[in-house]
2 protein chains.
Amino acid sequence: MAKLNAQYRALQQNYLFSEVARRAAAFSEAHPERDVIRLSIGDVTRPLAPAVVAAMEQAVCEMGRAETFRGYGPEQGYDFLRQAIRGYYAGHCVNVAADEIFVSDGAKSDLGNITDLFDRDNTVLIPDPVYPVYVDTNTMDGRRIVYLPGSADNGFLPGPPDFPVDLVYLCSPNNPTGAVYDRTQLQAWVDYANGCGAVLLFDAAYEVFLHRPELPHSIFALEGARTCAIEFCSLSKTAGFTGTRCGYTVVPRELERDGMSLNRMWLRRQTTKFNGVPYVVQRGAEAVFTGAARGEIRAAVDYYRANARTIAAGLDRLGIWYTGGVDSPYIWMRCPDGMDSWSFFDRLLEGAAVVGTPGAGFGACGEGFFRLTAFGDRDRTAEAVERMVAFLGK
Amino acid sequence: MAKLNAQYRALQQNYLFSEVARRAAAFSEAHPERDVIRLSIGDVTRPLAPAVVAAMEQAVCEMGRAETFRGYGPEQGYDFLRQAIRGYYAGHCVNVAADEIFVSDGAKSDLGNITDLFDRDNTVLIPDPVYPVYVDTNTMDGRRIVYLPGSADNGFLPGPPDFPVDLVYLCSPNNPTGAVYDRTQLQAWVDYANGCGAVLLFDAAYEVFLHRPELPHSIFALEGARTCAIEFCSLSKTAGFTGTRCGYTVVPRELERDGMSLNRMWLRRQTTKFNGVPYVVQRGAEAVFTGAARGEIRAAVDYYRANARTIAAGLDRLGIWYTGGVDSPYIWMRCPDGMDSWSFFDRLLEGAAVVGTPGAGFGACGEGFFRLTAFGDRDRTAEAVERMVAFLGK
C-alpha cells in the first residue's frame, strides 16, 4: 500500500488572495456605482519589451525550419544565455562563472526544489512576514522552522539571531515589506552563516528595483558569500516575464558541506528532474541582458517606480509610517489608528474603493500592516492615492 | 551546520551517452575518411509544425501589446489547453476532467517531482532495462527499489510480481525497448495495483507512436485505473517539443490513499513549487491538439515510423531478434553472436560506421542488447541499415 507524504496534512491553506478577491467582489456587487482600484496587484502589467518580442519571434521562426530547429538543450541553460547573465553580474562588479549559473523556469520553482538538496534534519530560519513558498516547501519536508520577527522597530530588516541555525531564507528587496538590507546588514548575515555553517538562500527576485547606488545587487558582492550562499533571480519583475517564465540560480563552486558540493548536487538535481527552459524563452531572456532591450526594460521599471513614489508621497502627506517604495515595487504601511490588517482592508475599500493586501496574510508579524503595490496603471494609481489622502486625511 | 541530502552520494553517474559520444568521436578522429551515421539519437529532428509555429508567433505578438499581455497564468495550465487535452482523450474514448489534467514543462519534470507526494518508506518496483529518471529520483529520496527483470523470454514486457509493492513505474511504449503492453497485460497491472494498494506511475511519453488499433492509448482506458494510476504525457515526441517543453500529467480524483487525495496533493505541490508553462508554449501546445496541426504532426510521426520500419526490415533480413519498431520509435535488438552490448557497439562502429546505444547502459538486463532509434534522417537511416545488412550478413 503506497504511503503518502503525511507532511502535506500540516500545510496551511493560504486564503489571503482569494479572500481579498472575495471581499472586493462582494463590495462591487453591493455598490455597482463605485469604481474600485486595486493596489493589490502582485503581477506585472506592462507588455514584453519590443527587443524581447523580436528575439522570441525570430526563435519561433527558427523552430519551424529543419536547418535551425532545436531539440533538447542543456538542462542548465544555453551558453548564450549564461554568458549574458554572467555579463550582467560583471556589470555590477560581481564575478560568477557560467557553470555556477543555472537557468530555470523561475525563482519559485528553484526556491521550491532547492530543498531536495538538504536533509530533513535541518533547522530553517524564515523571516516573518514572508513569501509563503519558504514556509510551505519546508513544511512539506517536515523541517523545523524558526521565525525571525520583523517589526517597525527593526524596519522589517531583522538581523542574525544569537543562536545557530542550518538554513536561512532572506528576500531583499523584500516581498511583502519592500524593505532592503544595506551592505553592512547583509555582511552581518554572511558572517553569521559562515560562522555557524548555515546556508543562506538569498531571494533576489526584486533586484532590478534597487535604486540607491550604494546597495549591493547580489549577495555575492559581499565578502565570504561564496562559501555560504545561493542566489535566486527572476526575470518576472525584471522584464515582465511572469507569464513567460525564466529565472536563474547561482550556486558557487566553493559552497560545500561535509565534503559535498552544492553546485554539483544542484546540477545533478536539475539534470535528473528538469529538462531546461524553452529555446524560444531563452532567446527572449538573452535579449533582456543585451542591446536595445536594456533601455526598454528600464522604462517599464521606471514606470512602476514612479507609481511607488506616488504612493509613498501620499503616505508622507498623511504622516503614515511605511517601508519600501524606493528600492522596491512594494510599500508596506502601518494601518492607521492601530487598526488590524483586515479591519483596515474593509475601511479602505468602503471609504476609498481602494483594494490592498492585509499584512496579516503574510505572517503573524504582518498584523497591523498593509501592502500596496506599484504594478498598476499610472493614472489609476494616482487616483487611488488621491482618494486615500482625502479619506484617511479627514 | 546545514546537513545535505546524503542520498546523493548513492547516485550512480550515468556515463552511457557521454561514453557513446566519446567512442564515436575517437573513431571519427582515427578514421576521418569514414562517414559515421548515428542511430543513437534520442531527440527529434523534424521542425515544429507550421500551425504550431503560427500559434506561437501569434502568442509572442500578444505578449508585446499591453491590451493582450499575459502575466501569471494558472499553475496547472490555461483552461484552453486543458480543454484541448480533454478533447484528445475523448477522441480515444477516455473521459478525464479538466481539473485532473496538470500542464507542465515536460514528463521528466513531473516524473521527477511526483516523488514529493510519497513517503520515503515505500518499496518501488522498477523495470530493468529502464529510463534512468525512475531510479535516480527514488535513490535521491532513499526509497527501496526492487527491479523487475525484462528479457527476450517475456518480450521485455514483464508482468506483475507475486509479492506486493507500493509504487510501480511502467513505460509503454517503452524506452529503451520499444515493447508495448497490450490491453490484457495492462489490465493485469491495474488489477495488481488495486489488489495491493500500489500506485502505478504510467509513463505514456511515446503514446503517439501506437499504431495497432487494439492498443489502449491511456492507462485510463483500463477498468479500475482511476483508483490506482497517474499518467505522464509529453509533447516532446508527439509534436517535436523536446526544445519547446510541454507535457501533462493526469491525476484522477478517485486516487486516494489513507484519506488523502493525490489530485489535491499534486495541485498543492504544483501551486507551491511551480508557476506554470509559458503562455506562448501553451498556445503552441493547444495547436497540437486542434485543427490544421493534427495532420502536420501526423506527417512527422509517420516520417519517424517509416525509419523504424526500415530498421526493422533490415533486422528481419538478418534474422536478428528484436522488439519495438512498430508502435515505437525505438528498436531493441539482440546483439548477434552472443556479443555483449559494448563489444557490439565497437564492432558495428568499426565495421559499418553506425552508432547505436549499448543496452547495458539502461540496466543489468539490457546486457547483450542494443538500441536503435528512428529519429534520424530518412536517407541516412536507410544507408545505415544497408551497411548493417552488408556487414552483419557476411
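What you are looking at is a predicted structure, and each value in this text was computed from that prediction instead of being measured. The figures that follow rest on heavy atoms only: side chains count, while hydrogens, waters and symmetry mates do not. Chain letters run A, B, ... following the sequence lines, proteins first, then strands; residues in each count from 1.
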B/D166 side chain to A/M1 backbone, donor-acceptor under 3.5 Å
yes
I'd like to verify something: which residue of A/V280, A/L167, A/V199, A/D121 has the highest number of heavy-atom pairs under 4.5 Å with chain B?
A/D121
Checking B/V281 against chain A: side chain, backbone, both or neither under 4.5 Å from a heavy atom?
side chain
Is there a side chain to side chain contact (heavy atoms under 4.5 Å, CB included) between A/R245 and B/F274? Walk through the geometry before answering.
CA-CA 10 Å; A/R245 312 302 320 140; B/F274 184 58; over 6 Å; no
Measure distances from B/R264 to the heavy atoms of chain A and classify the residue's part below 4.5 Å as side chain, backbone, both or neither.
neither
Which value, rounded to the nearest 0.5 Å, describes the distance between A/M260 atom CE and B/K3 atom NZ?
14.0 Å
Okay, B/V52 and chain A: the region with an atom under 4.5 Å from a heavy atom over there is neither
Which bit of B/D110 is near chain A, if near means a heavy-atom gap under 4.5 Å: side chain, backbone, both or neither?
neither
Please list, chain by chain and in numerical order, all residues satisfying ring pair (Phe, Tyr, Trp, His ring centres under 6.0 Å) with B/Y192, sequence neighbours excluded.
B/W189
Under 4.5 Å, counting heavy-atom pairs only, tell me which of A/P50, A/P47, A/A6, A/G112 racks up the most with chain B.
A/P47
The interface call for B/M140 against chain A, heavy-atom contacts under 4.5 Å, is side chain
Among A/D258, A/T244, A/N122, who wins on heavy-atom pairs under 4.5 Å with chain B?
A/N122
Sort out for me which of A/N275, A/V53, A/D136 touches chain B most, counting heavy-atom pairs under 4.5 Å.
A/N275
Let me know if B/R257 has heavy atoms under 4.5 Å from chain A in its side chain, its backbone, both or neither.
both
Heavy-atom pairs under 4.5 Å with chain B - which of A/R46, A/M63, A/R70, A/Q7 has more of them than the others?
A/M63
Between A/V60 and B/V60 the two heavy atoms that sit nearest each other are CG2-CG2, 4.1 Å
Taking every non-hydrogen pair under 4.5 Å, which of B/S109, B/A66, B/G71, B/G197 racks up the most with chain A?
B/G71
Show, in sequence, the C-alpha distance, side-chain angles and deciding distance for B/E75 and A/K108, and conclude whether the side chain to side chain contact (heavy atoms under 4.5 Å, CB included) test is met.
CA-CA 11 Å; B/E75 286 92 345; A/K108 185 183 177 191; 3.0 Å; yes
With a 4.5 angstrom heavy-atom cut-off, is it the side chain or the backbone of B/D105 that approaches chain A, or both, or neither?
side chain
Toward chain A, the part of B/V124 with a non-hydrogen atom under 4.5 Å:
neither
Please check if atom CZ in B/R144 has more than 12 non-hydrogen atoms from other residues, nucleotides or ligands closer than 6.0 Å.
no
Test log, rule side chain to side chain contact (heavy atoms under 4.5 Å, CB included), inputs A/T45 and B/F69
CA-CA 7 Å; A/T45 55; B/F69 174 78; 5.7 Å; no
Non-hydrogen atoms of chain A under 4.5 Å away: do they reach the side chain of B/L11, the backbone, both or neither?
both
Given a strict heavy-atom distance threshold of 4.5 Å, which part of B/T68 is in contact with chain A: side chain, backbone, both, or neither?
neither
So which heavy atom on B/Y8 is nearest to which on A/L117, and how close?
OH-CD2, 3.5 Å
A/V133 versus B/T272, closest heavy-atom pair with distance
CG2-O, 3.5 Å
Per-residue tally against chain A (heavy atom, under 4.5 Å) across B/T137, B/V165, B/D141 peaks at B/T137
What part of A/E62 lies closer than 4.5 angstrom to a heavy atom of chain B: side chain, backbone, both or neither?
neither
With only heavy atoms counted, which part of B/T115 is less than 4.5 Å from chain A, the side chain, the backbone, both or neither?
side chain
Between A/F118 and B/A2, what is the shortest heavy-atom contact and its length?
CE2-CB, 4.3 Å
Given heavy-atom pairs under 4.5 angstrom as the criterion, report whether the side chain, backbone, both or neither of B/R268 touches chain A.
both
With a 4.5 Å cut-off on heavy-atom pairs, point out which of B/G276, B/P164, B/A198 contacts chain A the most.
B/G276
At a heavy-atom separation under 4.5 Å, does B/Q58 approach chain A through its side chain, its backbone, both, or neither?
neither
Kindly say whether B/N113 contributes a backbone atom to a donor-acceptor pair with the side chain of A/K273 at under 3.5 angstrom?
no
What part of A/E296 gets closer than 4.5 Å to chain B, counting heavy atoms only: side chain, backbone, both or neither?
neither
Is there a donor-acceptor contact under 3.5 Å from the side chain of B/N5 to the main chain of A/D119?
no
Nearest 0.5 Å, what's the SG-CE distance between B/C61 and A/M56?
11.5 Å
Suppose we screen for ring pair (Phe, Tyr, Trp, His ring centres under 6.0 Å). Which residues come up paired with A/F80, at least two apart in sequence or across chains?
A/Y78
